[in-house]
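Working notes, beginning with the structure itself.
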Amino acid sequence: MAVASTAADLDTRAAKATSEADRQMIHALIEAMPGGFAAMNSFVRETICHALEASNTHYEKTFKALVAELTASIANNAENKPLPTLLTSVREEHSEGSKKLSKCETEKAPALRAKKCDGEKKA
C-alpha cells in the first residue's frame, strides 16, 4: 500500500541514479519517448495499479477459500464430536457478551447447539 501511495504522486523526473551521467542518460531517453515524462509517469502508475488489482483478487480468492475450509472444518467437528466444556463455555460467554457472531459461528451455531443439547441429555 505504501508503494501505491507513493506512485500516486510519482514524478519520474525526480528519480535518482547512482551517477549523474546515468541520470542524464535516463532523462534523455524518457524525453525522447512519445509523451516524455508524463507518459512514463502514467505507465508506472498504471502498472502499479494493475499489480494492486491482481494482488487484491488473489487475496480475496485465498481469503474466501480459507473461510470455506474453516467453515467446513467447524461443521465436521460439530457433527463428529462436541467441543471440550471449557472451550464451549468460553465461546458461549463471548457470543453472549458481544451479541455479534462471526459468519463461521452463525452458520454452525445450530449444529453446535444440537451437539450440546445431545450431550446434556446423555448426562
Side-chain angles (χ1 to χ4, degrees):
M1 298 306 285
V3 172
S5 295
T6 301
D9 299 323
L10 176 77
D11 182 7
T12 52
R13 272 184 222 275
K16 297 178 183 174
T18 54
S19 74
E20 181 59 23
D22 286 347
R23 189 190 70 74
Q24 289 177 2
M25 178 194 62
I26 293 167
H27 275 234
L29 290 171
I30 293 173
E31 288 173 345
M33 293 174 43
F37 280 98
M40 180 58 75
N41 291 341
S42 292
F43 170 77
V44 171
R45 287 184 188 118
E46 185 177 337
T47 301
I48 291 172
C49 184
H50 288 302
L52 283 171
E53 288 171 341
S55 177
N56 183 51
T57 299
H58 175 73
Y59 170 81
E60 286 179 352
K61 286 180 183 177
T62 303
F63 179 81
K64 287 177 183 178
L66 287 170
V67 169
E69 185 178 334
L70 287 169
T71 301
S73 174
I74 292 167
N76 290 338
N77 187 48
E79 293 169 4
N80 296 327
K81 57 188 173 208
L83 293 172
T85 306
L86 176 64
L87 293 177
T88 305
S89 63
V90 169
R91 177 182 284 169
E92 289 171 355
E93 288 172 13
H94 176 72
S95 297
E96 289 172 7
S98 67
K99 296 295 182 194
K100 182 177 181 182
L101 300 176
S102 70
K103 179 180 177 186
C104 298
E105 292 172 321
T106 302
E107 290 177 359
K108 302 308 166 204
L112 292 171
R113 282 194 293 274
K115 276 304 212 184
K116 183 177 181 209
C117 291
D118 289 345
E120 289 174 355
K121 289 177 187 174
K122 292 177 185 176

* Under the 3.5 angstrom rule, does the side chain of Thr47 hit a backbone N or O of Phe43 as a donor-acceptor pair? ->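 Yes, Thr47 side chain to Phe43 backbone: donor-acceptor pair under 3.5 Å.
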* Ser55 side chain to Ala51 main-chain N or O, any donor-acceptor pair under 3.5 Å? ->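 Here the side-chain-to-backbone pair does not exist.
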* Please round to the nearest 0.5 Å and tell me the distance separating atom OG1 of Thr12 and atom CZ of Arg45. =>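 Atom-to-atom, Thr12:OG1 and Arg45:CZ are 8.5 Å apart.
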* Atom CD1 of Ile30 and atom CE of Met25: how far apart are they, to the nearest 0.5 Å? -> 10.0 Å
* Asked: Taking side chain as C-beta onward, heavy atoms only, is Arg13 less than 4.5 Å from Met40?
  ->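 When only atoms from C-beta onward are counted, Met40 and Arg13 do not touch, as no gap falls below 4.5 Å.
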* Just wondering, more than 12 heavy atoms not from Glu60 lying within 6.0 Å of its CD? -> yes
* Asked: How far apart are the closest heavy atoms of Pro34 and Ala39, and which atoms are they?
  -> O-CB, 3.5 Å
* Asked: Between His27 and Ala15, what is the shortest heavy-atom contact and its length?
  ->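 His27 and Ala15 have their closest heavy atoms at NE2-O, 4.3 Å.
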